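Below is one structure, written out as structure tokens, with a few remarks after it.
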2 protein chains.
Amino acid sequence: MVSIATWNINSVRLRADQVARFLTQEEPDVLCLQEIKTEEKHFPHQVFEDLGYTHRAVHGQKGYHGVATVSRLPFRELDRHDWQANGEARHVGVELLGAAQGMVIENVYIPAGGDIPDREQNAKFGQKLDFLERMAFWADRLDRPTLITGDFNIAPLDCDVYDHKALIKVVSHTPIEIAALDRFRNAHGFEDLGRKHIPAPERNYSWWSYRTYWQDKDRGRRLDHMWASPDLAAQSRSHRFVEETRRWDQPSDHIPLVTEFDL
Amino acid sequence: MVSIATWNINSVRLRADQVARFLTQEEPDVLCLQEIKTEEKHFPHQVFEDLGYTHRAVHGQKGYHGVATVSRLPFRELDRHDWQANGEARHVGVELLGAAQGMVIENVYIPAGGDIPDREQNAKFGQKLDFLERMAFWADRLDRPTLITGDFNIAPLDCDVYDHKALIKVVSHTPIEIAALDRFRNAHGFEDLGRKHIPAPERNYSWWSYRTYWQDKDRGRRLDHMWASPDLAAQSRSHRFVEETRRWDQPSDHIPLVTEFDL
DNA sequence: GTGCGTACGG
DNA sequence: CCGTACGCAC
């Protein structure tokens, strides 16, 4: 049994203790972090080292974005794709060794895309769509059991947001983004583990805006995902979202997801 | 018995809980704060109100400087001098009413003066000297029992710094500043209560640089003072500096002083 | 709302 | 080193 977690931590330095608490409590074999918001030289390596997460691939940059994959199983780092070719740190890929030999874990932070869902008016939205197209091109050539996980910044299903009709024109839930995400998924035939294990239309949010935190309206969206190649998906045994982190002090706006695989 | 305290708090909002802890523990009748670093509209009034400090004179500004005098004895606010005439909030004066009728408490935050002790090269140093000259002119006309207290940003005696020879050219301990401070003191005949009660050359520091905090060299300076008119000084019964606040979490770089008067 | 960079003052 | 303000991104 191998368990893999993902969490957009929104600053790994500020929340190093929360990450430690999560790792101690959930004991995943691998944790994929997004928005670490630091260069590797300031990554809190010791916190992970002390908890047995001695294998780490940190792809960081100053202030924004940044991803890291930490593991207590040995792995080999494969690549760091820059699908926008703009130098942003949004991906790191590793291949597990040992017990889970051969499993590839792609950790990605897809661009948020700005506020206006129109590439003429908003270059960031165009970049998000282009990023997804390039990911689709890349996925088409994948030929190994792959888990791609992270913050996709898209809530694809109607039931992935608290109000489908209200959000259909809001970046993260527009038809054009969802179509681009679908092309990417179909390019490899990924299976959406979130909805394999928690079937639609069940509530399954992973993100809540800080701006409406104080309200208790539960205005969530499912922006974080774990997608697996068909053969690997068949080996997934459980999947859960760890919502209690939201109730910790100064929480991230995202919660972690954890999947267990029979391998 | 009336007890008066002074503390450069270095942000009263960030350290409102530390101020509350200090007030609960030491129970001074009056506390003079400097570097509150906030406009009055964001001053944590309720914290003081809840502890019985229902009389407050807050002279704040956005981001920098700012002084406040809080009291559980009634007082009347007298004035807010702007000796630099540059709009900075560096002084507030009050007159105690009731039990301690007639005692005037002048709360002041003298400019730090920049890094270079030369008014040709460093305008801030000139402003500090000018500020002191204007205070001397003002002090010459005082005719009531007055306590002037706060962060004077000058360590006048050789024993008021950890290394007299090393600091003689460092702003806060240069002969020209000390001479200006002496003129101010002599203009009214103030008595330095810190050295009345803790005679030179006894260790008596009130400030340590954040830059050398991690060292434990005790590189302190006596920058905070309580000076009294001769008649009032004769009524002072005890004086102490409350160094334990330095060991609290995220401490101010200054510690509080407390004086008790027999009146 | 909450994070980080930068700039400024100490 | 440690505060605040501001701008930017999400």
Side-chain angles (χ1 to χ4, degrees), chain A residues 8-16 18 34-39 42 60-66 86 88-90 109-116 122-125 127-128 151-154 170-172 207-215 219 221 223-224 246 248-254, chain B residues 8-16 18 33-39 42 60-66 86 88-90 109-116 122-125 127-128 151-154 170-172 207-215 219 221 223-224 246 249-254:
Chain A
N8 178 319
I9 192 61
N10 190 16
S11 175
V12 71
R13 281 183 290 174
L14 196 72
R15 280 184 259 276
Q18 292 191 42
Q34 302 86 39
E35 284 206 85
I36 61 172
K37 292 193 174 178
T38 180
E39 295 173 284
H42 296 123
Q61 67 178 83
K62 193 191 279 196
Y64 297 103
H65 321 314
N86 65 358
E88 292 180 347
R90 294 182 172 277
Y109 175 51
I110 294 177
D115 287 331
I116 303 164
N122 169 20
K124 286 175 194 291
F125 192 72
Q127 284 163 6
K128 183 177 191 175
D151 178 1
F152 291 8
N153 268 313
I154 297 174
V170 172
V171 174
S172 75
W207 178 85
W208 293 259
S209 169
Y210 279 126
R211 288 163 203 165
T212 54
Y213 238 48
W214 51 277
Q215 299 174 12
R219 298 193 159 180
R221 308 181 204 176
L223 302 183
D224 300 274
R246 261 191 97 194
W248 296 353
D249 261 2
Q250 292 227 75
S252 169
D253 45 349
H254 296 254
Chain B
N8 179 319
I9 192 61
N10 190 16
S11 176
V12 71
R13 281 183 292 175
L14 196 72
R15 279 183 259 276
Q18 293 192 41
L33 293 165
Q34 302 86 39
E35 285 206 83
I36 61 171
K37 292 192 173 178
T38 180
E39 297 172 282
H42 296 124
Q61 66 178 85
K62 193 190 279 195
Y64 298 105
H65 322 312
N86 65 357
E88 291 180 347
R90 294 182 172 277
Y109 174 50
I110 295 177
D115 287 331
I116 303 166
N122 169 21
K124 287 175 194 291
F125 192 71
Q127 284 163 7
K128 183 177 191 175
D151 177 1
F152 291 8
N153 268 312
I154 297 174
V170 172
V171 174
S172 74
W207 178 85
W208 293 259
S209 170
Y210 279 126
R211 287 164 196 150
T212 54
Y213 239 48
W214 51 275
Q215 301 173 11
R219 299 194 159 179
R221 308 180 204 176
L223 303 183
D224 300 273
R246 261 191 97 195
D249 260 1
Q250 292 226 74
S252 169
D253 45 350
H254 295 254

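Order of the sequence lines fixes the chain letters, A, B, ..., with proteins taken first and strands second; residue numbering starts at 1 for each chain. Since the structure is predicted, the reported quantities are computational estimates derived from the model, not experimental observations.
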Contact pattern, 5' to 3', of nucleotides 5-10 of chain C - B, S or - by protein heavy atom under 4.0 Å: SS-BSB
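- Per the geometry, CD belonging to A:Q61 stands 14 Å off C1' belonging to C:dG3, to the nearest Å.
- The side chain of A:S11 contributes an N or O atom lying less than 4.0 Å from OP1 or OP2 of C:dC4.
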Verdict with reasoning, A:D115 to A:F125, per side chain to side chain contact (heavy atoms under 4.5 Å, CB included): CA-CA 8 Å; A:D115 287 331; A:F125 192 72; over 6 Å; no
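- Rounded to whole Å, atom P of D:dG3 lies 9 Å from atom CD of B:Q18.
- Between the CD atom of A:Q34 and the P atom of C:dG3 there is a distance of 18 Å, rounded to whole Å.
- The interatomic distance linking A:H42 (NE2) with C:dC4 (C1') rounds to 13 Å, in whole Å.
- Phosphate proximity of D:dC1 to B:Q250: absent, as no side-chain N or O sits under 4.0 Å from OP1 or OP2.
- In this structure, B:E39 and B:K62 approach most closely via the heavy-atom pair CG-N, 3.6 Å.
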Full working for side chain to side chain contact (heavy atoms under 4.5 Å, CB included) between A:V171 and A:K124: CA-CA 11 Å; A:V171 174; A:K124 286 175 194 291; over 6 Å; no
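- Taking atom CG on A:D249 and atom C1' on C:dG1, their separation rounds to 15 Å, with Å as the unit.
- Other residues, nucleotides and ligands contribute at most 12 non-hydrogen atoms within 6.0 Å of the CG atom of B:D249.
- Atom P of nucleotide D:dA9 and atom CD of A:Q127 are separated by 11 Å, given to the nearest angstrom.
- Going from atom NE2 of A:H254 over to atom P of C:dG3 covers 13 Å, rounded to whole Å.
- Residues B:I110 and B:R90 approach most closely at C-NH1, 3.6 Å, considering heavy atoms.
- As a whole-Å value, the separation of B:I9 CD1 from D:dC2 C1' is 13 Å.
- Checked options A:H254, A:Q34, A:K37; the residue passing with A:N10 is A:K37 (criterion: side chain to side chain donor-acceptor pair (under 3.5 Å)).
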